[in-house]
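One is the number of the first residue; the rest follow in order along the sequence.
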Amino acid sequence: MLLFSHLQHPYLFLIFALRMKKRLSDLWIGHLCMLGAEVVWGLMSPIGKDAMTHGISGFNMVSFRVFGAAICFWIASFFTPSEKVSRRDLFLLFFAGLQSIVFNQCCFIVGLSLTSPINSSIVTTSMPIFTLILGILFMHERLTLTKTFGMVCGITGAISLIIGSVSGSTGEGNIWGDILCMIAQFSFASYLALYQGLVKRYSTVTCMKWMFLFSSIAIMPFTASSLADLAWTEITLKTWAEVSFVVIACTFLSYLLMMRGQKSLTPTQVSVYNYVQPIVATIASTCMGLALFGWMQALAILLIFSGVRLVALKK
């Protein structure tokens, strides 16, 4: 009996160590997935904006993103294990799709067409704040001094990066565009806070195929006329390539990565990666000759990643 008790403790410790290793591995995968998703979303800003200035309207872009991603996810579902979704969860997936896809994408893209890219980028930094507040209200997430300081670092860095960049565009902001972009951030934040348990019950492809299908049905009455009026033959091959990148990489691939990250991270940790988008957008604009990169941008990037790190800490 004494020998068994001595062997039992190392055995339990080994099980505990293996579980902790798996948990840490899942966390790292979650963080890498969110980083990848935000990098792709950051590239969407200059690429999608260029497409929308060459014959593709905001409603057209929303239609291509939602319809195209729905087709991609349903094709992918034929190559993954089939899952039966209950009627109650289908009902929840409908509203999850409205909040994370319809309201988020429609409001942001239409808002971006009204306001300046600088204003819309500043507004996107509000999402982690909304997510943290909703997480405290609905997910019993604790507001610590470290998370608060991380939020402040991230917001300061993002705003410094955007304001400090020298852009070739001189477009002015619009209050209604700013409000629409703000609604988009609140909509996605509420999705992260309210549907965390739902997305963990099913695979990423299962959740996405239903959410994008419901979203396609929801936007069809509002975007059908815009697609009918599109001068399809006048769109250049370069513009179609940009639209394809937005659909396949910035929607299908990025939502796969985002959903995988959401399974391992808290809503606040997921949302704080939103600060990565201005970094990628600024670097891409610099490479395209649309902006200059200096010491202020480097300092802002350091602040943003410091904020992400602080909010991501468990303790």
Assert yes or no for the condition that the ring centre distance of Phe91 to Phe94 is strictly below 6.0 Å. no
Kindly say whether the aromatic ring centers of Tyr255 and Phe212 come within a distance under 6.0 Å. yes
I need the [X] [atom1] to [Y] [atom2] distance, nearest 0.5 Å.
{"X": "Leu180", "Y": "Ser187", "atom1": "CG", "atom2": "OG", "value": "12.0 Å"}
{"X": "Thr206", "Y": "Phe73", "atom1": "OG1", "atom2": "CZ", "value": "11.0 Å"}
{"X": "Leu93", "Y": "Asp89", "atom1": "CG", "atom2": "CG", "value": "6.5 Å"}

Treat each ILVMFWY residue as a node, draw an edge where side-chain heavy atoms are under 4.5 Å apart, and state whether [X] and [Y] are in one component.
{"X": "Leu256", "Y": "Tyr195", "result": "yes"}
{"X": "Trp74", "Y": "Tyr202", "result": "yes"}
{"X": "Phe103", "Y": "Leu198", "result": "yes"}
{"X": "Val62", "Y": "Leu227", "result": "yes"}
{"X": "Val246", "Y": "Trp232", "result": "yes"}

Evaluate whether atom CZ of Phe64 has more than 12 neighbouring non-hydrogen atoms of other residues, nucleotides or ligands under 6.0 angstrom away. yes
Among Met52, His54, Glu234, which one satisfies side chain to side chain contact (heavy atoms under 4.5 Å, CB included) with Thr239? His54
Nearest atoms (heavy-atom pairs only) where [X] meets [Y]:
{"X": "Ala249", "Y": "Val40", "value": "O-CG1, 3.2 Å"}
{"X": "Ser254", "Y": "Trp41", "value": "OG-NE1, 3.0 Å"}
{"X": "Ile101", "Y": "Ser215", "value": "CB-OG, 3.5 Å"}
{"X": "Ile29", "Y": "Arg260", "value": "CG2-NH2, 3.5 Å"}
{"X": "Ala51", "Y": "Val243", "value": "CB-CG2, 4.3 Å"}
{"X": "Lys209", "Y": "Ser77", "value": "CD-CB, 3.7 Å"}

Full working for side chain to side chain contact (heavy atoms under 4.5 Å, CB included) between Phe245 and Leu43: CA-CA 10 Å; Phe245 178 82; Leu43 291 173; 4.1 Å; yes
Donor on one side chain, acceptor on other, Thr223 and Ser226, under 3.5 Å: no
Between Tyr191 and Asn104, is any side-chain donor less than 3.5 angstrom from a side-chain acceptor? no
Quick one: does any side-chain atom of Gln105 pair with a main-chain N or O of Arg65 as donor and acceptor, under 3.5 Å? no
Taking the side chain as every heavy atom from C-beta outward, state whether [X] and [Y] have any pair of such atoms under 4.5 Å apart.
{"X": "Arg201", "Y": "Leu92", "answer": "yes"}
{"X": "Phe67", "Y": "Ile219", "answer": "yes"}
{"X": "Leu230", "Y": "Ile56", "answer": "yes"}
{"X": "Phe252", "Y": "Met208", "answer": "no"}

Not counting sequence neighbours, which residues clear salt bridge (Lys or Arg N to Asp or Glu O under 4.0 Å) with Lys238? List them please. Asp50, Glu242
Classify the ring geometry between His31 and Trp28 as parallel (under 30°), tilted (30 to 60°) or perpendicular (over 60°). perpendicular
